[in-house]
Every structure is written in C-alpha cells, then in structure tokens.
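Note that the numbering runs from 1 along the sequence shown for the chain. Start at 1 and go down the list; that is how both ligands and their atoms are numbered. None of these values were measured; they are calculated from a predicted model.
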Amino acid sequence: MTMRLDYLSIFPGYFDVLDISLLGKAVDNGLVEVHAHDLRDWTHDRHRTVDDTPCGGGAGMVMKPDPWGEAFDGIIGIEPDPSVHVIFPTPSGIPFTQSAAQELSTVERVVFCCGRYEGIDHRVIDYARTMWTVHELSLGDYVLNGGEVAALAITEAVVRLIPGFMGNPESLAEESFSPGQERLLEYPLFTRPVSWRGMDVPEVLMSGHHGRIAEWRREESLLLTRDRRPDLTD
Ligand SMILES: N#Cc1ccccc1Cn1ccc2ccc(-c3cc(N)[nH]n3)cc21
C-alpha cells in the first residue's frame, strides 16, 4: 500500500525536508507519495489574500474559508469520501498520541491543513467534517506559529510505523508508547567506549547476565517514569 500525503500551507517549502533521510527513502521505495500545495494558488486577487480580520473583533487575523474550499475541491474532490483523513493541527485539538499514529499508519490518504495567523475560519473544519474523516490534533500544551511543524512531527510519527518503512520492525514493538508496552519511559542507553571522560558504562550492562540487565533496565525505567511522568503510572 502506498500512503498519499498532501500538505496545504502558505509555506509549502516547509515540506521540502520530506525528501531527506528515511522519509526520502520511503518516497523512493514507493511507500509514501508526498504533495505540498501553496494555499495562495487558490486565491484570485492581486495580493493573493488568505486572511481577514476576525468577525466579532479580537487580535490578529483569521484565514478566509474561500481559498481552503477551492483547494479542497482541487486536491481532494467534491464528493464525500470518509477514507480520506484530513488533519488540522491546532492548539485546541485532541492530544496526538502514539495510538493515533498507529491508527493513521494504516490509512491510504492523509491531507494536512496547516493554518497560520490565529487559525482557520471554523466553517472550513465544519465543511471538511461533512466530507472526510477529520482530526483536529494538538502536539502539546504550547503554541506554535502555524501547523507546518506539527504536520511534520505527525508525519514522522505515522510514516515510521508503516510496515516496510523501518529496517528492523522488531525495535518498534519494544519502544515506549507502543501497543502492549507498559507505559514506561525508556531506560538510559550506553555504547562504547566503556569509559569516557571518567564516566563508565554501568557494570551490569557489561556482565552478559541478561536477567540482571533486564532487571536493571526495568528499575531505571520505573524510576525515570515515576520522576518525570507520574501521570503515566496512574
Ligand atoms: N491556531 C492557532 C493559534 C492560536 C493562537 C496563537 C497562535 C496560533 C497559531 N497557529 C495557527 C495555526 C496553527 C496550527 C497549530 C498550532 C499549534 C499546535 C500546537 N500543539 N501548538 N500550536 C498553532 C497554530
């Protein structure tokens, strides 16, 4: 299966980076197909206007609905199709999680709608919900200037889970937040040299005793999780 990814933004250049590294390889081997679009291509005025003042007053500007609607018509189509997943990154979205990434990794088509300014006219999202499967997703409780960086983060989390993308899929199964894994943070990792700037790799890891190593790693994960993410231990 090839996943088609479309990105709608006034800064489509953000997505040039998808030609690099593992994602570039996924494109080369046909696992994913990437298309970035400039929202301004669907404006008709001399200034290629995409924003206007908010109805009801307030600070900043809001993205006009018209360019989005015309871009949807051109990129996705005018017929409803629930198999198309449309993602609006937004600070007011539901938290994006590994399980959401897992679900999205099985989808054939994803369209990222990257807003700017103070956000997109709400009717755009309401319209999209009548046509496709819509996800309003937040990366976390902090505010970015637009949806592009969030779209890149979601893309990476999703595409790496597509079967055939990662060289060693077994490593995915062991990761924190993977299904079936206890919700613990990753234990500290070490590699050679065994001694570096007066600091040594913990002896247990050099013991070859797999039972003790597993026990040490679990204990370290429990301590780290309790200290940094007590919410995961509920
Ligand atoms: N909306 C909005 C908004 C509201 C207040 C202040 C600034 C913005 C900027 N902005 C415009 C589009 C857009 C998309 C996603 C995020 C976003 C996601 C996470 N998790 N943080 N920030 C922000 C975005």
Side-chain angles (χ1 to χ4, degrees), residues 5-18 23 34-43 45 47-76 84-105 107 109-161 176-177 183 185 228-229 231-232:
L5 300 167
D6 286 274
Y7 301 84
L8 248 179
S9 164
I10 58 173
F11 297 121
Y14 261 87
F15 303 100
D16 294 351
V17 72
L18 293 177
L23 227 35
V34 171
H35 301 270
H37 311 272
D38 185 344
L39 183 68
R40 292 188 196 277
D41 289 350
W42 283 277
T43 61
D45 64 304
H47 298 293
R48 307 184 84 201
T49 308
V50 292
D51 63 314
D52 200 342
T53 52
C55 296
M61 301 294 274
V62 175
M63 298 194 91
K64 294 164 56 66
D66 337 45
W68 288 97
E70 292 191 31
F72 287 161
D73 295 349
I75 294 167
I76 314 176
V84 177
H85 288 246
V86 179
I87 295 177
F88 292 89
T90 170
S92 52
I94 63 168
F96 176 63
T97 61
Q98 188 68 15
S99 52
Q102 199 71 44
E103 284 168 32
L104 286 167
S105 69
V107 164
R109 184 152 192 209
V110 180
V111 180
F112 288 92
C113 300
C114 302
R116 278 274 153 169
Y117 307 100
E118 295 304 307
I120 302 170
D121 183 299
H122 201 75
R123 290 168 294 179
V124 172
I125 295 153
D126 288 341
Y127 170 75
R129 287 193 185 281
T130 70
M131 298 287 282
W132 308 293
T133 301
V134 169
H135 309 267
E136 292 183 73
L137 299 178
S138 166
L139 279 198
D141 294 338
Y142 47 85
V143 182
L144 301 167
N145 276 334
E148 290 81 5
V149 165
L152 285 169
I154 294 166
T155 297
E156 184 154 310
V158 168
V159 172
R160 68 192 296 274
L161 297 176
S176 309
F177 308 114
R183 287 151 50 92
L185 298 183
R228 294 183 183 171
R229 291 293 306 275
D231 58 299
L232 293 180

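The aromatic rings of Tyr127 and Trp132 stand perpendicular to each other, their planes meeting at an angle above 60°, with 30° marking the opposite boundary. The aromatic rings of Phe112 and Tyr7 lie parallel to each other, their planes meeting at an angle below 30°, with 60° marking the opposite boundary.
With sequence neighbours left out, Gln98 forms a side chain to side chain donor-acceptor pair (under 3.5 Å) with no residue at all.
Between Glu148 and Ser9, the side chains place a donor N or O and an acceptor N or O closer than 3.5 Å (distance only, hydrogens not considered).
Between Leu152 and Leu18 the shortest side-chain heavy-atom distance falls below 4.5 Å.
We find that Arg116 and Asp51 are not joined by a salt bridge, their nearest charged nitrogen and carboxylate oxygen being 4.0 Å or further apart.
Annotation: ligand 1 has protein neighbours Pro89, Thr90, Pro91, Gly115, Arg116, Tyr117, Glu118, Gly119, Ser138, Leu139, Gly140, Tyr142, Val143, Leu144, Asn145, Gly146, Gly147, each with a heavy atom less than 4.0 angstrom from the ligand.
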